[in-house]
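Remarks on the structure that follows.
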Amino acid sequence: YPGSFDPPTNGHADLIRRACSLFGEIIVAVITNPAKEPLFSAEERVQMLRKVIAELRLSARVRVDTFDGLLVDYLKSTRTRVVIRGLRAVSDFEYEFQMALTNRRLYPGMELIYLMPDEKWTYLSSNLVKTIARYRGDISHFVPHSVVAPVRAKLGVHR
Ligand code: PNS
């Protein structure tokens, strides 16, 4: 399950849980150099995800790793064939469609599975969480418990 996770949200947590209902073992793969300048370092995102996965009581089945460069190269190096991605709304589709077909052209052996998060989270994104936190809004509805403090601390929000 690759992504930026900058920061992890309840939508990501929901997807990890759903992926675990389908597969025995999941790797959450954090991209270290996303196109968008991340707020959190890769190591910070890894630490937050580990806590989220512990909160879900899925640590035994979910590994958190980082990757750099092309996703297909990471898949090959970890002998992974299936990629999980979340699809929230129609607006996600075009980017995901392009990414899926490009990746599959580069690595025909792979498959992509798109999971839909609970409808509670269809509008949610990491960017939204960062914006709300920046303006001192309450992010506790949108991110797992353990993510609230790191986001507030990073943005210098004390409440
Ligand atoms: O959480 P995001 O930002 O939607 O995740 C996007 C991600 C990291 C999965 C995607 O940008 C990616 O795979 N980047 C690695 C570079 C790559 O392989 N690009 C070709 C994809 S067509």
Side-chain angles (χ1 to χ4, degrees), residues 1-23 26-56 58 62-72 74-75 82-104 111-159:
Y1 176 26
S4 308
F5 306 104
D6 185 44
T9 66
N10 283 339
H12 294 128
D14 182 80
L15 228 70
I16 292 169
R17 202 177 46 71
R18 286 173 197 279
C20 279
S21 74
L22 294 175
F23 296 94
I26 306 286
I27 305 174
V28 176
V30 178
I31 186 154
T32 56
N33 62 337
K36 4 175 186 173
E37 179 69 27
L39 177 63
F40 291 93
S41 71
E43 190 48 39
E44 288 169 330
R45 286 177 276 145
V46 166
Q47 293 308 331
M48 284 188 282
L49 280 162
R50 291 214 170 107
K51 285 194 184 146
V52 169
I53 291 158
E55 277 180 64
L56 294 170
L58 287 170
V62 185
R63 187 150 62 82
V64 184
D65 195 7
T66 55
F67 79 106
D68 205 352
L70 290 179
L71 178 61
V72 289
Y74 177 75
L75 294 176
V82 181
V83 171
I84 301 280
R85 291 281 294 168
L87 209 50
R88 290 163 299 187
V90 181
S91 50
D92 281 342
F93 180 78
E94 210 162 327
Y95 170 71
E96 294 298 331
F97 188 58
Q98 180 186 35
M99 182 176 131
L101 297 187
T102 309
N103 279 328
R104 218 161 54 184
E111 287 300 343
L112 293 107
I113 296 183
Y114 287 89
L115 298 177
M116 283 168 208
D118 189 292
E119 63 207 43
K120 288 203 291 275
W121 314 125
T122 46
Y123 61 90
L124 185 56
S125 70
S126 296
N127 280 338
L128 204 69
V129 167
K130 284 182 278 196
T131 304
I132 295 167
R134 258 188 206 113
Y135 294 106
R136 288 165 170 59
D138 183 7
I139 57 166
S140 63
H141 301 294
F142 307 122
V143 298
H145 185 67
S146 61
V147 173
V148 175
V151 173
R152 286 183 183 158
K154 180 63 97 179
L155 293 169
V157 178
H158 308 288
R159 35 177 296 148

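For clarity, every value in this text was computed on a predicted model and none was experimentally measured.
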Minimum heavy-atom distance between Gly69 and Ile31, given as atom pair plus value: O-CD1, 4.4 Å
Tell me the closest heavy-atom pair linking Val52 and Ala13, and the distance in Å. CG1-CB, 3.9 Å
Main chain of Ser4, side chain of Arg45: is a donor-acceptor contact present, judged purely on distance under 3.5 Å? yes
For the residue pair Leu22 and Leu115, establish whether any side-chain heavy-atom pair is separated by less than 4.5 Å. yes
Do other residues, nucleotides or ligands put more than 12 heavy atoms under 6.0 Å from the CE atom of Met116? no
Separation between OG1 (Thr122) and CG (Asp14), nearest 0.5 Å, reads 10.5 Å
Is it true that a side-chain atom of Glu55 and a backbone atom of Ser146 form a donor plus acceptor pair closer than 3.5 Å? yes
Mind checking whether Ile84 and Phe23 have side chains closer than 4.5 Å, heavy atoms only? yes
Whether the side chain of Arg17 engages the backbone of Leu58 through a donor-acceptor N/O pair (distance < 3.5 Å, no angle test) should be reported. no
Thr9 versus Trp121: any side-chain heavy-atom pair under 4.5 Å? no
Between Thr32 and Ala42, what is the shortest heavy-atom contact and its length? CG2-CB, 3.7 Å
Identify the two heavy atoms, one from Gly86 and one from Tyr114, that lie closest to each other, and give their separation to 0.1 Å. O-CD2, 4.4 Å
Donor-acceptor pair between Asp138 and Ser140 side chains, under 3.5 angstrom: yes
Under the salt bridge (charged side-chain N to carboxylate O under 4.0 Å, His left out) test, which residues partner Arg50, sequence neighbours left out? none
Distance in Å, Leu15 CG paired with Arg18 CZ, rounded so as to fall on 0.5 Å steps: 7.5 Å
Using modelled atom types only, decide if a donor and an acceptor are shared between the side chain of Asn10 and the backbone of His141 within a distance under 3.5 Å. yes
Any donor-acceptor N or O pair under 3.5 Å, side chains Glu43, Gln47: yes
According to the interplanar angle, ranging from 0 to 90°, do the rings of Tyr123 and Phe142 count as parallel (below 30°), tilted (30 to 60°) or perpendicular (above 60°)? perpendicular
Any residue meeting salt bridge (charged side-chain N to carboxylate O under 4.0 Å, His left out) with Glu96, in chain and number order, not counting sequence neighbours: Arg85
With a 4.5 Å heavy-atom cut-off, do Pro144 and Met48 have their side chains touching? no
dist Ile139:CD1 -> Arg134:CZ (nearest 0.5 Å) comes out at 11.5 Å
Do side-chain atoms of Asp6 reach the backbone of Phe40 as a donor and acceptor pair under 3.5 angstrom? yes
Would a 4.5 Å heavy-atom cut-off, applied to side chains only, mark Ile27 and Tyr74 as touching? yes
Within this structure, what is the CD1-CD1 distance for the pair Ile53 and Ile26, rounded to the nearest 0.5 Å? 10.0 Å
Test salt bridge (charged side-chain N to carboxylate O under 4.0 Å, His left out) applied to Lys51 - qualifying residues, sequence neighbours left out: none
Within this structure, what is the CG-CD1 distance for the pair Leu155 and Ile132, rounded to the nearest 0.5 Å? 11.5 Å
Of all residues at least two apart in sequence or in a different chain, which pass the side chain to side chain contact (heavy atoms under 4.5 Å, CB included) check with Glu111? Arg81, Arg104
Just by distance, do the side chain of Ser126 and the backbone of Phe5 share a donor-acceptor pair under 3.5 Å? no
Nearest-0.5 Å distance, CG of residue Asn33 to OG1 of residue Thr66: 10.5 Å
Looking only at heavy atoms, what is the nearest atom pair of Asn103 and Val72, with distance? O-CG1, 3.5 Å
Using salt bridge (charged side-chain N to carboxylate O under 4.0 Å, His left out) as the criterion, list what pairs up with Asp92, not counting sequence neighbours. Arg88
Going by the rule ring-ring contact (aromatic ring centres under 6.0 Å, His included), which residues pair with Phe93 if we only count those two or more places apart in sequence or in a different chain? Phe97
